[in-house]
2 protein chains.
Amino acid sequence: MNHQIYSELDFTSLLSFSLNALIDELHGKLSELGFGDIRPAHGFMFKYLASSGATGIELAEYLGITKQAVSKMVDYLEKSGYVIRQNHPTDKRGKIIILTERGWLVVKAKEKILTEIEGRWIEDTGIERMQMLKEDLTKFVYKANEGKLSSRSRPVW
Amino acid sequence: MNHQIYSELDFTSLLSFSLNALIDELHGKLSELGFGDIRPAHGFMFKYLASSGATGIELAEYLGITKQAVSKMVDYLEKSGYVIRQNHPTDKRGKIIILTERGWLVVKAKEKILTEIEGRWIEDTGIERMQMLKEDLTKFVYKANEGKLSSRSRPVW
DNA sequence: AAACATAGTCAATCAAATTGACTATGTTCA
DNA sequence: TGAACATAGTCAATTTGATTGACTATGTTT
């Protein structure tokens, strides 16, 4: 293995490679579990839908993409049986997107896998350092978004 | 500002948001400097070309994308005046892609901006913690790639 | 010399997003 | 209360970054 590559990584590369490694492992394991049609781009959508349902526009704001892009993603996930569109109870223009049973299976599988990965990281570096790492990243994210509150800029995984 | 969003971020979100914040700031500043036609996808290409030149296939391997994709990126960057294709000195099939003067300006601007950002992070969290953070991420990246040495999986910024 | 391998390009397609135009419903206010 | 405006969602065309497949030209092996 080419060790040199890893000894001189700049900060941006470190973040990028870490995230990629995480996402690759996650989607590899999801594929093994029969969820091969879930793609990285869907990750944050599932995350948001898990907390409750959501309208298209809520999703668009959360994901930082247009409502048209959300609509297409929902088309795909609905066709694949992970979500359904329901009529909004009070607003006849609106729809609410909710997870199907199969959608919930994905969310649960995803959580399990991510917990495993994070657990392995904790074993490697210790719980205190992992905690610090999270604190620091949280601080950076928070600071980076102080000035311009808006637009979450395509967080894709 | 919605503080709640930031207090409960899982690890994947933290990595994703940190990386996005970094990339957004970098490309915002590059735009201000007149390099608005450089896009996040070009980041690692510039990084690799800066160390020496490279053939298309070397770039493809480094970036984890196909040689056709590299060829298109090079078309774009050549048209924009950041790189040129030269004939390979010994292999008549091959080309070497090297940075133009304008390409070097981008590399230097990029390094300056990233150093600034990293400096701000160090101010916020301290040099020791920053060092630990880097060590930990390096360890994760290294471990994640032990099994399967190949394919760098689209590191895009 | 023939057979195979490699570097690069061309063309068609896919994935994830965009902008712009549109329908239907909801809200405001003169 | 109805006209004017705003909002939720879809349809269509386009862009960006990537893919697979087919091809040319050159290099290497046997």
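In what follows, chains are A, B, ... by sequence order, proteins preceding strands, each numbered from 1.
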Chemist: Flag this pair as yes if the NZ/CZ of B/R39 is under 6.0 angstrom from the six-membered ring centre of B/Y76 and inside a 45 degree cone about the axis; otherwise no.
Modeler: yes

Chemist: Starting at atom CG of B/N87, determine the distance to atom P of D/dT26, rounded to an integer number of angstrom.
Modeler: 11 Å

Chemist: Please state whether the phosphate of C/dT18, meaning OP1 or OP2, lies under 4.0 angstrom from any side-chain nitrogen or oxygen of A/T66.
Modeler: yes

Chemist: Can you measure B/M45 atom CE to D/dG17 atom P for me and round it to whole angstrom units?
Modeler: 11 Å

Chemist: What is the separation between atom CG on B/L77 and atom C1' on D/dG17, rounded to the nearest whole Å?
Modeler: 12 Å

Chemist: Describe the nucleic acid contact of B/K95 in one word from base, sugar-phosphate, nothing, applying a heavy-atom distance below 4.0 Å.
Modeler: sugar-phosphate

Chemist: Heavy-atom nearest nucleotide on DNA chain D for B/D91 versus A/I97: which residue maps closer to 5'?
Modeler: A/I97

Chemist: Rounded to whole angstrom units, what separation is found between the NZ atom of B/K72 and the C1' atom of C/dC14?
Modeler: 10 Å

Chemist: Counting side-chain heavy atoms from CB outward, which of D/dT16, C/dT13, C/dA16 is closest to A/A41?
Modeler: C/dA16

Chemist: Carefully, step by step, assess B/M45 and B/Y62 under the rule side chain to side chain contact (heavy atoms under 4.5 Å, CB included).
Modeler: CA-CA 9 Å; B/M45 165 99 70; B/Y62 174 70; over 6 Å; no

Chemist: Output yes when at least one side-chain N/O atom of B/S71 is less than 4.0 Å from OP1 or OP2 of C/dT9, else no.
Modeler: yes

Chemist: Output the rounded distance in Å from CZ (A/R39) to P (D/dA18).
Modeler: 16 Å

Chemist: Can you tell me the distance, in whole Å, between the NZ atom of A/K92 and the C1' atom of C/dT23?
Modeler: 16 Å

Chemist: Taking NZ from A/K79 and C1' from D/dT10, how many angstroms apart are they, rounded to a whole number?
Modeler: 14 Å

Chemist: Could you tell me whether a side-chain N or O of A/T100 sits under 3.5 Å from a main-chain N or O of A/G81, the two making a donor and an acceptor?
Modeler: yes

Chemist: Taking the side chain of B/M73 as heavy atoms from C-beta outward, which of D/dT10, C/dA17, D/dA18 is closest to it?
Modeler: D/dA18

Chemist: With a 4.0 Å cut-off on heavy atoms, is B/K67 in touch with a base, just the backbone sugar-phosphate, or nothing at all?
Modeler: base

Chemist: Given 3.5 Å as the limit, does a donor-acceptor pair link the side chain of B/Q86 with the main chain of B/I97, or not?
Modeler: no

Chemist: Separation of A/D75 atom CG from C/dC14 atom P, in whole Å?
Modeler: 17 Å

Chemist: Using only modelled atom types and a 3.5 angstrom limit, is any donor from either the side chain of B/Q68 or the base of D/dG17 paired with an acceptor on the other?
Modeler: no

Chemist: Within a strict 4.5 Å, meaning less than it, do heavy atoms of the B/I96 and B/P89 side chains meet?
Modeler: yes

Chemist: Measuring to OP1 and OP2 of C/dT23, would you say a side-chain N or O of A/R93 lies under 4.0 angstrom away?
Modeler: no

